[in-house]
Number of protein chains: 2
Amino acid sequence: MNSLAEENYLKAIYHLQRELNGDVSTNAIADRMETKPSSVTDMVQKLGEKGLVSYKRYKGTTLTDQGQKIAANVIRKHRLWEVFLVEKLKFHWDQVHDIAEQLEHVHSEELISRLDNFLGNPDFDPHGDPIPDKHGKMKRTEKKLLSELQKNQQGVCVGVKESSGEFLQYLDKKQISIGTKIRVLGKEFFDGSMVILVGKDQFFISKKIAENLYVQTS
Amino acid sequence: MNSLAEENYLKAIYHLQRELNGDVSTNAIADRMETKPSSVTDMVQKLGEKGLVSYKRYKGTTLTDQGQKIAANVIRKHRLWEVFLVEKLKFHWDQVHDIAEQLEHVHSEELISRLDNFLGNPDFDPHGDPIPDKHGKMKRTEKKLLSELQKNQQGVCVGVKESSGEFLQYLDKKQISIGTKIRVLGKEFFDGSMVILVGKDQFFISKKIAENLYVQTS
DNA sequence: TATCATATTTAGGCAAGGCTAAAAAAATAA
DNA sequence: TTATTTTTTTAGCCTTGCCTAAATATGATA
Ligand SMILES: [Mn+2]
Ligand SMILES: [Mn+2]
Ligand SMILES: [Mn+2]
Ligand SMILES: [Mn+2]
């Protein structure tokens, strides 16, 4: 059984490994965990001794297969609980992350398996992120950033890169959610801003917005 | 915000105060928490400084109003989650306690209020125990122990005193659950054992069983 | 009342997870 | 290559909860 702190470190390393594709530096983990590098060193040493990460002094950290499995399972729980909160308890998608941060540490395989079932074995969470199955495998989607689309291309919103409350609330105001069809009516080369069509409304969005919304074309 | 350990102490003191009706001794808490008396002393001193219990050296501990409120809220969460696990996830009533022990420490008023609603604002948990409302008040029932019934009296099972897996599984085997009607066909003065009628089956039960089943007569 | 047993507290330590300050390695600049 | 900056680790300390052993208060007994 791993402690709450260990699980959070494993999760952070998992995400960072994907973002940076490669070894994860001590400082990167410290940044993500909002903790000090010296605390990170302590913890990765311990995780190393437990065989959950491969850590070499001054060289960075990667998850072992076992560590990866544990991290994927925590992420699975996080995302399943988010589905529960939105689908069953009618929370809004910008309200669920902090609660899921707590629920993800409840230990019970039986619980998570029944929850999965109760929710209809969903493949994606309310933010469009894929839910790992019990073996850590998750559906890959051919999503791209809205900012990659050209004028007159369109796509369906399938996820967000950022999922801060501010950003999600912005999307709500603009009536954009998972499943919403978005068409690029115009794109400014200078600053990457766009004019897009959502339902019957057309409006301006900055590059920053376009770089944080995933769409699926096809 | 109280720590997990603090919440567990408050809960234990709450239950003990009701069982012993009065002050709770350091040793009683240590017993219940499966910890050492010296650890209890440390903790009740801290809870005392926080104003959650009234503690005087060598005199025992009682919850303050504030401590009582927090304890009742933890118990509320525990029991609501137990209802969720049984009603929605189809767990069996003897499987839910340990999971609820973890879920009860998830902090979010909004979560528990929505969960309550989702479950239809239940008054009792799967073991027949009353669920405190958000102010800590709970429905009182006129329940008595089956062992208090006389020959030919009958009652409806409304709860269990013990809720160990062994006992609950015994009840299952005998087809007794919340709502089951039980009639006393015979009672042995010598050892308190009984012969009871449950549905069409009649069988023998020991005093120990009869002292752990709550029934409602009338 | 003096003595003995029991309950409780105090003293001193330990492990987990943090932090700060100092040392050491690695990376970058000159 | 040498000097400087940045990154990482080590050393030493803190808090929370827990423990054991020793001290002390309380309560029962003689
Ligand atoms: Mn989340
Ligand atoms: Mn999510
Ligand atoms: Mn329970
Ligand atoms: Mn219960």
Side-chain angles (χ1 to χ4, degrees), chain A residues 1-14 16-17 19-20 22-63 67 70-71 74 101-102 104-107, chain B residues 1-14 16-17 19-63 67 70-71 74 101-102 104-105 107:
Chain A
M1 191 83 342
N2 304 289
S3 74
L4 189 146
E6 289 169 340
E7 289 188 347
N8 282 332
Y9 272 95
L10 292 173
K11 191 162 56 108
I13 296 166
Y14 181 100
L16 286 167
Q17 215 169 291
E19 286 167 32
L20 314 171
D23 287 30
V24 180
S25 75
T26 298
N27 273 7
I29 299 172
D31 252 44
R32 183 62 55 96
M33 301 280 297
E34 297 187 295
T35 186
K36 300 292 165 184
S38 53
S39 305
V40 173
T41 300
D42 280 354
M43 182 55 96
V44 293
Q45 284 175 351
K46 192 173 66 156
L47 293 174
E49 281 159 23
K50 286 182 103 178
L52 303 181
V53 304
S54 145
Y55 159 77
K56 268 163 252 110
R57 269 154 79 256
Y58 295 104
K59 293 288 187 176
T61 302
T62 35
L63 295 175
I70 293 166
V74 175
E101 282 295 312
Q102 300 178 64
E104 73 188 6
H105 301 291
V106 173
H107 291 127
Chain B
M1 191 86 340
N2 305 290
S3 73
L4 189 145
E6 288 168 341
E7 289 189 346
N8 282 332
Y9 272 95
L10 291 173
K11 192 163 55 109
I13 296 166
Y14 180 100
L16 286 166
Q17 216 169 291
E19 287 167 30
L20 313 171
N21 44 83
D23 288 29
V24 180
S25 76
T26 297
N27 273 6
I29 300 172
D31 251 44
R32 183 61 56 94
M33 302 280 298
E34 298 187 293
T35 186
K36 299 292 165 184
S38 53
S39 306
V40 173
T41 301
D42 280 354
M43 182 56 95
V44 293
Q45 284 175 350
K46 191 172 66 155
L47 292 174
E49 281 159 23
K50 286 184 103 176
L52 303 181
V53 304
S54 146
Y55 160 77
K56 269 163 253 110
R57 268 156 77 257
Y58 295 103
K59 292 290 186 174
T61 302
T62 35
L63 294 174
I70 293 166
V74 175
E101 283 294 312
Q102 300 179 63
E104 73 188 4
H105 301 290
H107 293 292

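Convention: sequence-line order gives letters A, B, ...; per-chain numbering from 1. Side-chain atoms are counted along with the backbone in the values below, which use heavy atoms only and exclude waters and symmetry mates.
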*Report yes if the side chains of A:V74 and A:L10 come closer than 4.5 Å at any heavy-atom pair, otherwise no.*
no
*Residues in side chain to side chain contact (heavy atoms under 4.5 Å, CB included) contact with B:N27, at least two apart in sequence or another chain*: B:S25, B:P37
*Please name all residues satisfying side chain to side chain contact (heavy atoms under 4.5 Å, CB included) with A:K59, sequence neighbours left out, ordered by chain then number.*
A:K56
*Which residues, if any, of residues 25-34 of chain B bring a heavy atom under 4.0 Å of DNA chain D?*
none
*Which pairs with one or both residues in residues 22-31 of chain B pass salt bridge (Lys or Arg N to Asp or Glu O under 4.0 Å), sequence neighbours excluded?*
none
_Contact interval (first through last nucleotide) of DNA chain D with protein chain A, 4.0 Å heavy-atom_ = D:dT7 to D:dT10
_Any residue meeting side-chain hydrogen bond (donor to acceptor under 3.5 Å, both in side chains) with A:K50, in chain and number order, not counting sequence neighbours_ = A:N2, A:E6
*With A:S38 via side chain to side chain contact (heavy atoms under 4.5 Å, CB included) - residues at least two apart*: A:K36
*Between A:S39 and B:S38, just flag the one whose closest nucleotide in DNA chain C comes earlier from the 5' side.*
B:S38
*Only counting residues at least two apart or in another chain, list the ones meeting side-chain hydrogen bond (donor to acceptor under 3.5 Å, both in side chains) with A:E104.*
A:K11, A:H78
*Using atom CG of A:N2 as one end and atom C1' of C:dA16 as the other, report the distance to the nearest whole Å.*
14 Å
*asked:* I'd like to check B:L63 versus B:Y14 (side-chain heavy atoms, cut-off strictly below 4.5 Å). Are they in contact?
replied: yes
*Which residues pass the side-chain hydrogen bond (donor to acceptor under 3.5 Å, both in side chains) test with A:E7, sequence neighbours left out?*
A:H105, A:H107
*For A:E19, check side-chain hydrogen bond (donor to acceptor under 3.5 Å, both in side chains) against everything at least two apart and list the hits.*
A:R32
*Check DNA chain C against residues 43-59 of chain B and give the residues with a non-hydrogen atom under 4.0 Å, in numerical order.*
B:Q45, B:Y55, B:R57, B:Y58
_Is there a side-chain contact between B:T41 and the phosphate of C:dT10, meaning an N or O under 4.0 Å from OP1 or OP2?_
no
